[in-house]
Visitor: 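Please read through the structure below; I'll follow up with questions.
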Amino acid sequence: MNTQSIHDIFTGSYLLQEIVLHGWVRTFRANRFIALNDGSTLENIQCVVDFEQTEEDLLKRVTTGAALRIQGTLVKSQGKGQKYEVQVSNIEVLGDSNPELYPIQPKKHSFEFLRENAHLRVRTSTFSAVMRVRSALSFAVHKYFREEGFYYVHTPIITGSDAEGAGEMFRVSALDPKNPPQNKDGEVDFSQDFFGKETNLTVSGQLEAETYAMGLGKVYTFGPTFRAENSNTSRHLAEFWMIEPEVAFFNLDQNMDLAEDFIKHVLRYVMEHCKNDLDFLDQRLANEEKTKPQLERRSMGLLEQINFILDNQFIRLSYTEAFEILRNSKPNKKKKFKYPIDAWGVDLQSEHERYLVEKHFKCPVILFDYPASIKAFYMRLNDDGKTVRAMDVLFPGIGEIVGGAQREERLEVLKKRIADMQIDAEELDWYMDLRRFGTAPHAGFGLGFERLVQFATGMSNIRDVIPFPRTPQNASF
Ligand code: 4AD
Ligand code: MG
């Protein structure tokens, strides 16, 4: 006999048929009703046990968390709350779960507690819903780019170059940390290391993706990236996944169009394919919001906010325009910003980004043409000599979700930027070859996948949208 997933059963036509199910017990009440979940869908299926016909010893083993194989007949449910239920003819306990010790009890657990039990938290409704949405979003990413004619490239995880020039990297080394070889200046001699040089985990696949764009035309990467920045916030991870499209013969306006279309597309996909999970997460968020003081509540519910993004054009404005709005804003004048907006050229912090998006425009915003001094070396210098063709997409509740740019395709300008920023030019010689041989305008961006999952699921902490979060002082599991 074939086994069916609970998802199959709720969507197929199995009425009055013999079925076999596998899953974990969520609850067992009145020695009669097992709520079984197998992860294929949010819903549990109710399995009704004839306790007079079932051994008492077996029933004692049906506890929350236990793994079961259940055989029975699918019938229309007598009770309220579900359409179908299973009249159980046979139960097999595949794995017991001691109710005294199993941490995931059928009650509300705090997210902090569940983070400590991240290996078991996917057995809760909230985390299984989040992870199904995450899976659907990543499928939608590949689907979108495939349909748009992009090629998927795998850029390296171990690299010798610092793509962002921010120096926030995790070193990869096979040297003995207790006794590393030293050069004559007393420094660690990385020429004796595994790769014969200093290497790190990548902070971005962009530079290598650029090389492929300059041969395949339209490419994207989607892989893990690593940053050793000591940011203990609800939006930063030390290991996160980034989606980075890169397109030859593209300018910044086309890049902005791509980012907006792409984000809307993948959000629309999950709205269409994850309805139950999103409805559940919408309700969860609404309940959470009720516990907050009125002033701190979100202005929109989860589904409302996703629909709002789908239905509205993102507002586009330059850094300089945004700077003026922020400088003249109430919180700036009343000194409410932690980082005051006083002189043109200051970097924008999350508090400023969120003010623009949530208070001023009440709409996603794409900022472009940032001061060169606060952006990476590879961004194309504008004719004013002081701004670069950068773009950041800012989202409500999240702040920056996308960072990108039109790239500097002129060799001499690029060389000068690299020199001005005191970056090792030798390490980037291969990158400059792209400007030596058949250079062309090109552009791309990086979208932080977990920030997108946060937005789509309404989870306020980024640690709760990735299976095993890596953050400062935390790499459990
Ligand atoms: O703005 P970033 O640093 O841009 C780049 O790395 C470019 N090389 C991308 C490109 O043009 N190909 O990072 C891109 C995005 C951010 O907008 C943010 O969404 C996310 O990556 N991000 C993080 N997400 C989680 N934790 C962190 N520590 C993140 N740092 C960046
Ligand atoms: Mg950025």
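One-based numbering along the sequence shown. Note that ligands are numbered from 1 as they come in the structure, with each ligand's atoms numbered from 1 the same way. As the structure is a prediction and not an experimental result, all values here were calculated from the model.
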Visitor: Taking both backbone and side-chain atoms into account, decide whether Glu400 has an N/O/S atom under 2.8 Å from the Mg ion (ligand 2).
Guide: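 Checking Glu400: at least one N, O or S atom is under 2.8 Å.
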
Visitor: What part of Phe226, side chain, backbone, both or neither, has a heavy atom within less than 4.0 angstrom of ligand 1?
Guide: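 Neither; nothing of Phe226 gets under 4.0 Å from ligand 1.
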
Visitor: When only distance counts, is Met242 in polar contact with ligand 1, meaning an N/O pair under 3.5 Å?
Guide: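 In this structure, Met242 places no N or O atom under 3.5 Å from an N or O of ligand 1.
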
Visitor: Measure from the ring center of Phe395 to the ring center of Phe455 and say whether it is less than 6.0 Å.
Guide: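 Close enough - the centres of the two rings lie under 6.0 Å apart.
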
Visitor: Among all protein heavy atoms in this structure, tell me which lies nearest to atom 12 (N) of ligand 1, with the distance rounded to 0.1 Å.
Guide: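 The protein heavy atom lying closest is Glu244 OE2, 2.7 Å.
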
Visitor: Pick out which of Asp392, Asp257, Asp253 makes a salt bridge (Lys or Arg N to Asp or Glu O under 4.0 Å) with Arg316.
Guide: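 In the set Asp392, Asp257, Asp253, the residue that makes a salt bridge (Lys or Arg N to Asp or Glu O under 4.0 Å) with Arg316 is Asp257.
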
Visitor: Flag Ile401 as yes when one of its N or O atoms lies below 3.5 Å from any N or O atom of ligand 1, and as no otherwise.
Guide: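 In this structure, Ile401 places an N or O atom under 3.5 Å from an N or O of ligand 1.
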
Visitor: May I ask you to identify the nearest protein heavy atom to atom 18 (C) of ligand 1, giving residue, atom name and distance to one decimal place in Å?
Guide: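 Checked against all protein heavy atoms, atom 18 (C) of ligand 1 sits closest to Arg451 NH1, 3.5 Å.
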
Visitor: Any nitrogen or oxygen of Arg227 lying under 3.5 Å from a nitrogen or oxygen in ligand 1? Just yes or no.
Guide: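 Between Arg227 and ligand 1 (N or O atoms, distance only) the closest approach is under 3.5 Å.
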
Visitor: So which of Gly446, Ala238, Ser204 gets nearest to atom 15 (C) of ligand 1, if we judge by its closest heavy atom?
Guide: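 Closest candidate by heavy-atom distance is Gly446.
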
Visitor: Hey, does Leu237 come in under 3.5 Å of ligand 1, counting only N/O atoms on both sides?
Guide: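 Yes, there is a polar N/O contact under 3.5 Å.
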
Visitor: For Glu244 and Ser204, does a side-chain donor sit closer than 3.5 Å to a side-chain acceptor?
Guide: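 Indeed, the side chains of Glu244 and Ser204 share at least one donor-acceptor pair under 3.5 Å.
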
Visitor: I want to know if ligand 1 touches His236 in the polar sense, i.e. an N/O pair below 3.5 angstrom.
Guide: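 N/O-N/O distance under 3.5 Å: no.
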
